[in-house]
Undergrad: 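Take this structure, written in structure tokens, and hold onto it; I'll ask about it next.
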Number of protein chains: 2
Amino acid sequence: MARAPAAPVADVSVDLIRAAGVKVTRGRVRVLDALHAARQPLSHAEMEMRLDEGSEPAMDRVTLYRILDSLVACGLALKAVDTRGVFRFSAAGAQRQHANHVHFRCTDCGGVFCLKAEPPPPPRLPRGFRLNELAFDLRGTCAGCSSREAV
Amino acid sequence: MARAPAAPVADVSVDLIRAAGVKVTRGRVRVLDALHAARQPLSHAEMEMRLDEGSEPAMDRVTLYRILDSLVACGLALKAVDTRGVFRFSAAGAQRQHANHVHFRCTDCGGVFCLKAEPPPPPRLPRGFRLNELAFDLRGTCAGCSSREAV
DNA sequence: GCTACAAATGCAACAAGGTTGCGTTTACTG
DNA sequence: CAGTAAACGCAACCTTGTTGCATTTGTAGC
Ligand SMILES: [Mn+2]
Ligand SMILES: [Mn+2]
Ligand SMILES: [Zn+2]
Ligand SMILES: [Zn+2]
């Protein structure tokens, strides 16, 4: 007894951040931890609320924006815009697995379904265009919503 | 002779607006005309610039927002958020012609570009799913933004 | 055509989301 | 344990979009 240390056994976020080649700061660790814990992509406002709950003093609004962007820049987070036009962030591991297949998005319930098919090769781009990501989305009504609708 | 009137021969936008059951105002006609003439969905800012080029006095910023929303409300325009989180508007009929080709969305300026390639055939869907629309979007930086960025 | 009234407009103020500039602090390097 | 570049805090600013209210305008009914 009297041994059990406040032991930092294995801190995933810290390691990821260090491996990404940027400085390991308290802010970045807190934010990346929160992203990993989240079930859905978080907006800046939502992130701010989650961080406020903790014991540490809230970080500056601008700093949070910069931390989120830096995590995106070094590949540890993803940034996407939601239907209201607000940016949402998620831990990178969570979405990379969705890069190589097609998605079906239900316009009724908002659900996203992963299909087996993989997206086709990108067509040739006009001169000067730089491709970053490719999304092949089918939109319609999912099985559940279709049957419910057919009443 | 002396006959040739300042003839309003056939004003598509006016008829559409009247048929939609809302008041036909100069503002709405100008905006819907611009939407019909546009090759891509336009943001509020882009629309404002196009209207400024004309001879008529620029309309108020808020009025433009309200006109765009009213056109959406009566089904004459469509509203969608672009990669930057900015709303873009298009004439309602126009999107059918965009159904059969691929789009490139610039994550920098939010621009939407029509590519020549046509989307691949949709993969088989699970039982009960109903396909409505199919979007093959490439995301990245357009020629303009790429060169500007490379300075 | 004129009138009355709802609908649309202009203007000012507000709000959320996001960015920039700059002086101070902090994490890493040697 | 410096020295230094990166990160941070703070204030100010920008863009996009909304709300309230007084004034103008389109249109239906006469
Ligand atoms: Mn998926
Ligand atoms: Mn198109
Ligand atoms: Zn559904
Ligand atoms: Zn661009």
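Labels below follow one simple rule: chain letters A, B, ... track the order of the sequence lines, proteins then strands, and each chain is numbered from 1.
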Undergrad: Find the distance A:Arg28:CZ to C:dA27:P and express it as a whole number of Å.
TA: 11 Å

Undergrad: Consider only side-chain N and O atoms of B:Thr83 and B:Arg139, and report whether a donor and an acceptor are under 3.5 Å apart.
TA: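 There is no such pair (donor and acceptor under 3.5 Å, judged by atom type) between the side chains of B:Thr83 and B:Arg139.
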
Undergrad: Return the 5'-most residue of the pair B:Val22, B:Phe89 with respect to DNA chain D, ranking by each residue's nearest nucleotide.
TA: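 Residue closer to the 5' terminus by nearest nucleotide: B:Phe89.
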
Undergrad: Establish, from distance only, whether the side-chain atoms of A:Thr141 and A:Ser146 form a donor-acceptor pair under 3.5 Å.
TA: yes

Undergrad: Rounded to whole Å, please give me the gap between CE in A:Met47 and P in C:dG17.
TA: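 Taking CE of A:Met47 and P of C:dG17, I get 15 Å after rounding.
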
Undergrad: Specify the separation, in whole Å, of atom NE2 of B:His44 and atom P of D:dC14.
TA: 18 Å

Undergrad: Tell me whether the side-chain N or O atoms of A:Arg66 pair up with the base of D:dG9 as donor and acceptor below 3.5 Å, since no angle test is needed here.
TA: yes

Undergrad: Pick the nucleotide of DNA chain C nearest each of B:Arg84 and B:Ser70; which residue has the one closer to the 5' end?
TA: B:Ser70

Undergrad: OP1 or OP2 of D:dT16 less than 4.0 angstrom from a side-chain nitrogen or oxygen of B:Ser43, does that happen here?
TA: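 No, outside the criterion.
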
Undergrad: Tell me the interatomic distance from B:Asp108, atom CG, to C:dT19, atom C1', rounded to whole angstroms.
TA: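 It works out to 15 Å between those atoms.
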
Undergrad: Rounded to whole Å, please give me the gap between CZ in A:Arg26 and C1' in C:dT25.
TA: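 One finds 11 Å between C1' of C:dT25 and CZ of A:Arg26, rounded.
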
Undergrad: Which whole-number value in Å describes the distance from A:Ile67 CD1 to C:dG18 C1'?
TA: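 For the pair A:Ile67 CD1 and C:dG18 C1', the rounded distance is 16 Å.
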
Undergrad: Please state how far atom CG in B:Leu68 lies from atom C1' in C:dT9, giving the value in whole angstrom units.
TA: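 For the pair B:Leu68 CG and C:dT9 C1', the rounded distance is 14 Å.
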
Undergrad: The side chain of B:Val62 lies closest to which of these nucleotides: C:dA12, D:dT27, D:dG17?
TA: C:dA12

Undergrad: Can you label the angle between the B:Tyr65 ring and the B:His44 ring as parallel, tilted or perpendicular, going by 30° and 60°?
TA: parallel

Undergrad: Let's see if you can work this out: which of D:dT19, D:dA5, C:dG10 has an atom nearest to the side-chain heavy atoms of B:Met59?
TA: C:dG10

Undergrad: Can you see if the side chain of A:Thr63 gets near the phosphate of D:dG9 - specifically, an N or O under 4.0 Å from OP1 or OP2?
TA: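 Yes, within the criterion.
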
Undergrad: So do B:Met59 and B:Arg26 actually touch side chain to side chain, heavy atoms under 4.5 Å?
TA: no

Undergrad: Got B:His98 and B:Cys114 here, is their nearest side-chain heavy-atom distance under 4.5 Å?
TA: yes

Undergrad: Contact class for A:Val24 (heavy atom, under 4.0 Å): base, sugar-phosphate, or nothing?
TA: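 Sugar-phosphate only.
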
Undergrad: When you match B:Lys23 and B:Lys79 each to their closest nucleotide on DNA chain D, which lands nearer the 5' end?
TA: B:Lys79

Undergrad: For B:Arg18 and C:dA7, what is the distance between atoms CZ and C1' respectively, to the nearest whole Å?
TA: 15 Å

Undergrad: Looking only at N and O atoms, is any donor in the side chain of A:Arg61 or the base of C:dG18 less than 3.5 Å from an acceptor on the other one?
TA: yes

Undergrad: From the options C:dC11, D:dT25, D:dC10, select the nucleotide whose nearest atom is closest to the side chain of A:Asp60.
TA: D:dC10

